[in-house]
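None of the values given here were measured: they were computed from a predicted structure.
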Amino acid sequence: MLLAAVLSAPLPADTSVVLDGVTVTDQLRQQQLMRSSQSVISVNRDYIRQNFSGSLMQTLEGIPGIKAMAIGSGQSKPIIRGLGFNRMVVTEDGIKHEGQQWGDDHGLEIDQFAIDRVEVVKGPAALLYGGDAIGGVVNLYTNHVPSKPFEGAIQLFRRSNNEQLGVSAKIGGRHGRFFYRANMTLIDYADYKVPTDSIQYYSYWIKLKDQRLRNTAGSERDGSLTLGYAGYNFHTDVRVSDSYSKSGFFANAHGLEVRLSEIDYDCSRRDISLPYQWVNHLKVLSHTTWRTDSTQVELNLAYQNNLREELTEPVSHGYMPQPDGSLERRFNKNTYTAALRLHTWLASHELRGGTSFEYQHNRRSGWGFIIPDFETLSTGLFLMDRYHVNERLILNAGLRYDYTRTHISGYTDWYETPVSAVSSVYKQRSATMTRHFNSLTWSAGLNYSVGRWVMKANIGKSFRVPIPKELGADGVNYHIFRYERGNSTLDPEESYQLDASLNWSNDHLTVQFEPYLNYFPNYIYLNPTSDYVEGLQLYEYNQAKVIRWGFEAEADWHISRHWDAVLKGEYLYARQLSGRKKYYTLPFSTPWSIDAEGKYSFQWHGDCFVRLNAHIVGAQNDIVPPEKPTDGYFTLNLAIGKELPLGKTTLKLALHADNLLNKRYYNHTSYYRLIDVPEPGRNLSFLLGIEF
């Protein structure tokens, strides 16, 4: 009983196995590694602050296997082992975050400065989180309970490349067993710079003023309030958060309208002109826990509203007449979530079980069409058992059953399309349909510890239902420079996976190797074709047998009291085994990468460190025609941090310099690469924090 409690109880934040030189004892490290048969990495607020690099996902890119798909300069989407969008889950305080995550140009509507701790689960986690967790999970926690009657922090930050300015403040307090927390963040940024004077788009050479991508400025406003009760056996809290952001789309990409528009896009670096998007995400969630010495019951309830609009100058394409107004697309998504979990210990068995319910209601409007209206009802039931054979060996196995009902509403164009010389029709782009999906998934794994070694292995089956966009899309997506078409006959996506982990450590050296293998009998992907519709390249949703394998490796060397060195890398191989692109890889497959870091820590009126990072990315020539290859690149990055105690307050400084040499390079996973836009040039991020 005691062993089970030790291995399953959350560890303090400062003992998390992080990638930034946090030193822990061998015993605590092994306890952390033995908590799960999967690869799980936790980082705390200090890691987030020291690696601040714009968006939250860009900050977490230092974790092997984690990538950020950049969306301009203010937002990004997470990718785990090459899988993103609806193949991975982002949770906030145990609730799955639900926005318009199907889109390449939709970032996370979450205040990164409200996050206290991040837990990344690499590999399938579908048993606990449902079918979308084939690739993994990013768990975000804002549930720190204040320990003093009044405490808080203020952070000021700036980024040089896009002239970002921001301020974030949080306060909290605990009075007896009652506590509160409040956060607010304000951000404003200008058009960002790239290390080139011009780009090429469909054989047009586009000149850039002062090397800036015109109309990529933006702003963000976030706020949240938490009220709670924290007793010994009972904990409950209610959190209300609201996130609003507005950002421009690179003007030249939206139909080359800069050549035709009356808007002077170069008059100001901070103007947000048409085309642009705004999104507001309201979230109300409740977290309640009741526990005894051997049992814990957890209930999570949430309501989310995601309201998003894309606006542009009226642009006609195909047979569409010039529309009235600037509202191209509007999406209004309401999500209701409930999850009940039980965690108990019986002798040497640690049992987890639970059920979940989710209902989504999404409505569209505007003169442009890309996805239909839909309602989705999902429910699941799971049971897991971790059997502690002895202190060295833990076995685990689990089952999950999911049922999903998706209803898609038909959509017909508001204008006529000619079908002959004498007749026209209102073209139907999406048919009304109702699909039912269900699946039984399973997982089994083990943890084995001997001496300085910890070995893990996990095998299982995952399941993902096709989302409404994959089933019913049919329209122009100007922001990604393509025409997208769904497939109403898609089958549910299945995945069989094997992942393992081998860890060795002593007082000075830690080595970790994590291989994985995925087999998809019916992988769903957006296939680039050689056809063009309404002037843009046609992408169609297809299914194929796919095999994916790869690994992450890392070595941390604690050289001395002052010096630390890290070498880490990752590799991914993907191949289609059937379908139209048999023997090709998957579109936007991530290339291999290696990071070498050196860190010097010292005392000078407080804790200080300097870290230099060399980031090397290989060329990606393994592509899916007509996709283009991407050259490899090398960047040099610098981080400096300092903590200065000032009485009852602490001053924390962080400087992060990306692409110090101002290299021109392309990210193979970025959709801006399709129009010859390189990644941002040299960028200095500065953060000043005061904690009291």
Working to the nearest 0.5 Å, report the span between NE2 of His407 and CZ of Phe374. 12.0 Å

Glu109, Lys283, Lys333, His97 screened by side-chain hydrogen bond (donor to acceptor under 3.5 Å, both in side chains) with Asn306, the one that passes: Glu109

Taking the ring of Phe52 and the ring of Phe157, is the distance between their centroids below 6.0 Å? yes

Scan side-chain atoms only and decide if Arg308 and Gln277 contain a donor-acceptor pair under the 3.5 Å cut-off. yes

Answer yes or no: is there a side-chain heavy-atom contact under 4.5 Å between Arg435 and Phe437? yes

Ion pair Arg269/Asp191, N-O distance below 4.0 Å: no

Taking C-beta and beyond as the side chain, do Asn438 and Asp402 meet within less than 4.5 Å on heavy atoms? no

Please determine if Asp237 and Arg239 form a salt bridge, counting it only when a charged side-chain N lies under 4.0 Å from a carboxylate O. no

Report the C-alpha separation of Arg177 and Tyr229 in whole Å, then their side-chain angles, then the decisive distance to 0.1 Å, and conclude whether the side chain to side chain donor-acceptor pair (under 3.5 Å) test is met. CA-CA 6 Å; Arg177 296 183 176 181; Tyr229 173 89; 3.3 Å; yes

Under 4.0 Å between a side-chain nitrogen and a carboxylate oxygen: does that hold for Arg363 and Glu375? yes

Applying side-chain contact (heavy atoms from CB on, under 4.5 Å), run through Ile134 and Phe520 and close with a yes or a no. CA-CA 11 Å; Ile134 286 179; Phe520 292 84; 3.9 Å; yes

Would you mind reporting whether Ile370 and Glu484 have side-chain heavy atoms less than 4.5 Å apart? yes

Taking it one step at a time, do Asp491 and Asn522 satisfy side chain to side chain donor-acceptor pair (under 3.5 Å)? CA-CA 7 Å; Asp491 293 322; Asn522 47 7; 5.1 Å; no

Does Thr379 reach the main-chain N or O of Ser356 with its side chain, forming a donor-acceptor pair under 3.5 Å? yes

Value for CD (Glu493) from CZ (Phe463), rounded to nearest 0.5 Å, stands at 10.0 Å

Are any side-chain N or O atoms of Thr216 and backbone N or O atoms of Leu213, one a donor and one an acceptor, separated by less than 3.5 Å? yes

Before you tell me yes or no, could you show the steps for Asn542 and Tyr525 under side chain to side chain donor-acceptor pair (under 3.5 Å), namely the whole-Å CA-CA distance, both residues' side-chain angles and the distance that decides it to 0.1 Å? CA-CA 6 Å; Asn542 293 326; Tyr525 74 102; 4.6 Å; no

cation_pi(Arg87, Tyr523) dist<6.0 Å, angle<=45: yes

Might you point out which heavy atoms bring Leu526 and Lys469 nearest each other, and give the distance in Å? CD2-NZ, 4.5 Å

Glu151 vs Lys170 side-chain heavy atoms within contact, under 4.5 Å: no

Decide whether Thr288 and Thr236 meet the rule of one side-chain donor and one side-chain acceptor closer than 3.5 Å. yes

Would a 4.5 Å heavy-atom cut-off, applied to side chains only, mark Glu119 and Tyr141 as touching? yes

Is any NZ, NE, NH1 or NH2 atom of the basic residue among Lys246 and Glu220 found under 4.0 Å from an Asp or Glu carboxylate oxygen of the other? no

Is any side-chain heavy atom of Asn215 less than 4.5 Å from a side-chain heavy atom of Phe250? no

Going through the checks in order, is the side-chain contact (heavy atoms from CB on, under 4.5 Å) test met by Leu140 and Ile115? CA-CA 6 Å; Leu140 308 176; Ile115 305 300; 3.8 Å; yes

Separation of Ser286 OG from Asn300 CG (nearest 0.5 Å): 7.5 Å

Do Asn51 and Thr59 meet the criterion of a side-chain donor-acceptor pair at a distance under 3.5 Å? no

Would a 4.5 Å heavy-atom cut-off, applied to side chains only, mark Ser42 and Val118 as touching? no

Do Thr434 and His436 pair up side chain to side chain, a donor and an acceptor below 3.5 Å, judged on atom types alone? no

To the nearest 0.5 angstrom, please state how far the CG atom of Leu83 sits from the CE atom of Met88. 9.5 Å

Run the numbers on Val137 and Thr91 for side-chain contact (heavy atoms from CB on, under 4.5 Å), then give the verdict. CA-CA 7 Å; Val137 180; Thr91 73; 4.2 Å; yes

Mind checking whether Tyr244 and Val279 have side chains closer than 4.5 Å, heavy atoms only? no

Closest non-hydrogen atom pair, Asp474 against Phe369: O-CD2, 3.2 Å

In this structure, CG of Leu311 is separated from CZ of Arg329 (nearest 0.5 Å) by 11.5 Å

Looking at Asp93 and Arg117, does any basic side-chain N land under 4.0 Å from a carboxylate oxygen? no

Between Asp111 and Thr185, do the side chains contain a donor N or O and an acceptor N or O under 3.5 Å apart? yes

Looking only at side-chain N and O atoms, does Asn305 offer a donor or acceptor that is under 3.5 Å from a partner on Asn280? no

Taking only Lys NZ, Arg NE, NH1 and NH2, and the carboxylate oxygens of Asp or Glu, determine whether Arg464 and Glu470 approach each other closer than 4.0 Å. yes

Walk me through it: do Asp222 and Ser243 pass the test side chain to side chain donor-acceptor pair (under 3.5 Å)? CA-CA 4 Å; Asp222 305 302; Ser243 177; 2.6 Å; yes

Closest heavy-atom pair and its distance - Thr142, Arg181: O-NH1, 2.8 Å

Is the cationic atom of Arg364 (NZ for Lys, CZ for Arg) positioned less than 6.0 Å from the six-membered ring centroid of Phe331 and within 45 degrees of its normal? no

State, to 0.1 Å, how close Pro146 and Tyr180 come at their nearest heavy-atom pair, and which atoms those are. CG-O, 3.7 Å

I'd like to know if the side chain of Asn487 pairs up with that of Thr489 as donor and acceptor (distance under 3.5 Å, no hydrogens or angles considered). yes

Do other residues, nucleotides or ligands put more than 12 heavy atoms under 6.0 Å from the CZ atom of Arg174? yes

What's the separation between atom CD1 in Ile79 and atom CE in Met57, rounded to the nearest 0.5 Å? 11.0 Å

Note: Glu298-Arg341 ion pair, threshold 4.0 Å (strictly below): no

Under 3.5 Å, side chain of Glu61 to main-chain N/O of Ala68, donor-acceptor pair present? yes

Side chain of Asn162, backbone of Gln164: donor and acceptor closer than 3.5 Å? yes

So does Met433 have more than 12 non-hydrogen atoms from other groups sitting under 6.0 Å from CE? yes

What heavy-atom pair brings Tyr189 and Ala217 nearest, and what distance separates the two atoms? O-CB, 3.3 Å

Carefully, step by step, assess Arg405 and Thr376 under the rule side-chain contact (heavy atoms from CB on, under 4.5 Å). CA-CA 6 Å; Arg405 176 188 181 273; Thr376 299; over 6 Å; no

Ring pair (Phe, Tyr, Trp, His ring centres under 6.0 Å) between Phe179 and His144, intermediate numbers included: CA-CA 10 Å; Phe179 67 93; His144 167 72; 9.2 Å; no

Kindly give the heavy-atom pair with the smallest separation between Trp367 and Gly325, and that separation in Å. NE1-O, 3.4 Å

Tell me whether Arg221 is salt-bridged to Asp188, with the criterion being a basic N under 4.0 Å from an acidic carboxylate O. no

